[in-house]
Amino acid sequence: MSSLITKVRLKQISQHIEKGKRLDERGLHEHRPITIEEGIIEKAEGSARIYLGKTEVLVGVKVETGEPFPDTPNDGVQTVNAELVPLASPNFEPGPPDENSIELARIVDRGLRESHAIDTEKLCIEAGKKVFVVFIDVYVLNHDGNLIDASALAALAALMNTKIPNYEVKDGELKIKQGYTQLPMKSRPITVTVGKINNQLVIDPQYEEEQVMDSRISIAVNEKGNICAVQKGGSGYFTPQQILEASKLAQAKAAELRKKLNW
Amino acid sequence: MNDKHDKLIDKKGIRLDGRKADELRPLKLQVGVLPNADGSAYIEHGKNKILAAAFGPREMHPKHLALADRMVLRCRYHMAPFSVQERKSPAPSRREVELSKVIRESLEPALFLELYPRTGVDVFIEVLQADGGTRCASITAAALAIADAGVPMRDLVVACAAGKVDDTVVLDLHDAEDKLGAADVPVAYMPALNAITLLQMDGILTPDEFQQAVDMAMGGCKKIYEMQKEALKTKYMVVKDVEESEVEE
């Protein structure tokens, strides 16, 4: 991704981090302030907007009926899509999803899916024929780094306030009744991305820091502290020792966020 | 995930295909299999059959994608429509786009990108038959193809997965274990540099199991690494034999 940051600035960031400092006075292992607003899109069955520093992500959840996958006839369907909309960054272009937005969507999807966040068995209307399909659309509104953590948090927040319509099945026909029920959930995974800059592990890199980042590793952690999804990204590498440190760090930060957000 | 399956590991700790927990599937590696490519490799890893070809360093097409200060590595991971049980559409899926990206990022740390400005290396990976663990086998083959093309490398990149099946951490999952098992942890590794260049996971593991799986996968990588080096040498042994016989004539 191209950047509009001077080499001098990049060097400055890298040197700061080597000394354990960051440009915005944060500690290496500290998140930026997080604000989450829930239920802001009335037309969506669920929604949430997160501000992670200046990064802003909106997630909308739509619930529709559709066919289950042939290999899981009794399970509802979860699909995640991510849009890096052009208004979010001078580097985003209109057009079909590129590899960055596909990767983002698939990391968010994997965290939710592998931890069984949505209780998909309860979304079956008629086995093998009709189930609820949960569309989770991630809309990046301002890109200032760490889109993965922001999107994963916003997606979970949106799911937690998603309501599905009450219904009954009469003669194989679906009839919508009045009122709504909470989307059944089984787990609340929190994804923490650890970046590697100048051989130091940092949490929640902002956009400028991402331009000097060698590589990153995103780790989704469930309530029990177990790991349910991992993705390494970026053109650098991690030593086995750094992987161990990153996984411990991600667990500690996930627990901290869970407490703070009361999840 | 389907939890109602027959046991994938029997009481003696033997897996469906007769392997022990820390045993690799049979592997076959061959270098220089495609005459038109600058470098190529073929891997059979269990029932996986995968071809990889490398072109370059060469001029970038389209030209505007070239970078003034380094080489660009491009990778395309693609599955043949007949490689899986149900025909796969030949159009690139979201999974293939993601895998192409993570495979590229697993190979980049091995290359001296800054030494070849304005050029590109293209790596094309075709999965002819898939049987679980294709991304790992693809990386192993792709690294060989790049080496075969004569592109200088810091080390070969080698990949292998570990995972959890029936409460046991096992090495190198095959298709059924991948689909029905509890977790899958693919790892790409440069043994000489002790550097992990790809790490993914899905499923649920305790932190200890995760660590155990990463260690086991690295162990598998080290074994395949020896086979990789052997495959590269074998190609040049054949070339040497041919040259010697020509001299005799």
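Just so it is clear, the values below take in all heavy atoms, side chains as well, and ignore hydrogens, waters and symmetry mates. Protein chains get the first letters and strands the later ones, always in sequence-line order, with residue 1 at the start of each.
F82(B) CZ: more than 12 foreign heavy atoms inside a 6.0 Å radius. Summarising the local packing, CG of D69(B) is surrounded by more than 12 heavy atoms from other residues, nucleotides or ligands at distances under 6.0 Å. For OH of Y116(B), the number of neighbouring non-hydrogen atoms (other residues, nucleotides, ligands) closer than 6.0 Å is greater than 12. Other residues, nucleotides and ligands place more than 12 heavy atoms under 6.0 Å from the CD atom of E114(B). Surrounding NZ of K122(A) are at most 12 heavy atoms belonging to other residues, nucleotides or ligands under 6.0 Å away. Heavy-atom neighbours of E67(A) CD from other residues, nucleotides or ligands within 6.0 Å: at or below the threshold of 12.
Near-neighbour residues of residues 232-241 of chain A relative to chain B, defined by a heavy atom under 4.5 Å from a heavy atom of that chain, comprise K232(A), G233(A), G234(A), S235(A), G236(A), Y237(A), F238(A), T239(A), P240(A). Of all residues in residues 246-259 of chain A, those placing a non-hydrogen atom less than 4.5 angstrom from a non-hydrogen atom of chain B are S247(A), Q251(A). Using non-hydrogen atoms only and a strict 4.5 Å limit, the part of residues 105-112 of chain A facing chain B consists of A105(A), R106(A), R110(A). Heavy-atom proximity under 4.5 angstrom to chain B picks out nothing from residues 184-197 of chain A.
Heavy atoms closer than 4.5 Å to chain B are found nowhere in D214(A), neither backbone nor side chain. Of the atoms belonging to N81(A), heavy atoms from both backbone and side chain fall under 4.5 Å from chain B. With a 4.5 angstrom heavy-atom cutoff, I227(A) touches chain B via backbone and side-chain atoms both. For chain A, the nearby part of L198(B) is the backbone; its heavy atoms alone come within less than 4.5 Å.
The closest side-chain heavy-atom distance from H116(A) to I204(B) is below 4.5 Å. The shortest distance between side-chain heavy atoms of I219(A) and M201(B) does not fall below 4.5 Å.
The candidate with the highest count of non-hydrogen atom pairs below 4.5 Å against chain A, out of A188(B), A183(B), P109(B), is P109(B).
Results of the salt bridge (Lys or Arg N to Asp or Glu O under 4.0 Å) test with E99(A) over R74(B), R104(B), K101(B), R76(B) single out R104(B) as the only residue that passes.
The two residues R94(B) and V80(A) make their nearest non-hydrogen contact at NH2-O, 3.4 Å. Across every non-hydrogen atom of I243(A) and I196(B), the tightest pair is CG1-CD1, 3.8 Å. Residue T206(B) comes nearest to N226(A) through the heavy atom pair CA-OD1, 3.3 Å, listed as atom of the first residue, atom of the second, then distance.
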**Item:** Steps toward side-chain contact (heavy atoms from CB on, under 4.5 Å) verdict (V102(B), Q231(A))
**Value:** CA-CA 9 Å; V102(B) 297; Q231(A) 175 101 339; 3.4 Å; yes

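Put simply, CG on N100(A) and CD on E98(B) are 11.5 Å apart, with the number rounded to the nearest 0.5 Å. To the nearest 0.5 Å, atoms CD1 (I102(A)) and CG (L99(B)) are separated by 11.0 Å.
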